[in-house]
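Each remark here refers to the structure printed beneath this line.
Heads up: numbering here begins at 1 and tracks the sequence. In this text, all values refer to a predicted model and were calculated from it rather than measured experimentally.
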Amino acid sequence: MKKIGLAVFKFTYFFTCFFFLFSNTAFAYIDPSAVTYVIQAVAGIFIAVGAACTVYRHKIAKFFRKMKKKHNKKKQEKEQESHE
């Protein structure tokens with residue numbers, strides 16, 4: 001745990017020094033339409049990740065339903081054999 005904290009501290013220290021040493025002041029204008037494109041891109045990424053999670057969640061649920069059916073089928077066969 002101590003090593004992780006030290007690594008995080010080193011990264012933060014390096015990033016802060018790098019940011020202040022190599023930063024330039026820019027007098028620039030960000031067009032509102034450019035911000036809209038960024039928002040659309042981020043929203044698209046979130047939607048794609050959500051869709052992928054849903055697809056894999058359904059596949060995993062289907063797998064476990066199949067396993068449960070097989071288990072129940074084997075259990076019923078054993079019960080029928082024991083009654084005979």
Completion exercise
Taken to the nearest 0.5 Å, the spacing of Met67 CE from Lys70 NZ works out to 6.5 Å
Which side-chain N or O atoms in residues 9-20 pair as donor and acceptor under 3.5 Å with protein atoms at least two apart or in another chain?
{"residue": "Thr12", "atom": "OG1", "partner": "Val8", "partner atom": "O", "Å": "2.8"}
{"residue": "Thr16", "atom": "OG1", "partner": "Thr12", "partner atom": "O", "Å": "2.7"}

Exercise for the section: For Gln76, check side chain to side chain contact (heavy atoms under 4.5 Å, CB included) against everything at least two apart and list the hits. Expected result: none
Practice task
Hey, could you give me the NZ/NZ distance between Lys73 and Lys69, rounded to the nearest 0.5 Å?
Solution key: 10.0 Å
Residues 51-59, side-chain donor-acceptor partners within the protein, below 3.5 Å, at least two apart:
{"residue": "Thr54", "atom": "OG1", "partner": "Gly50", "partner atom": "O", "Å": "2.9"}

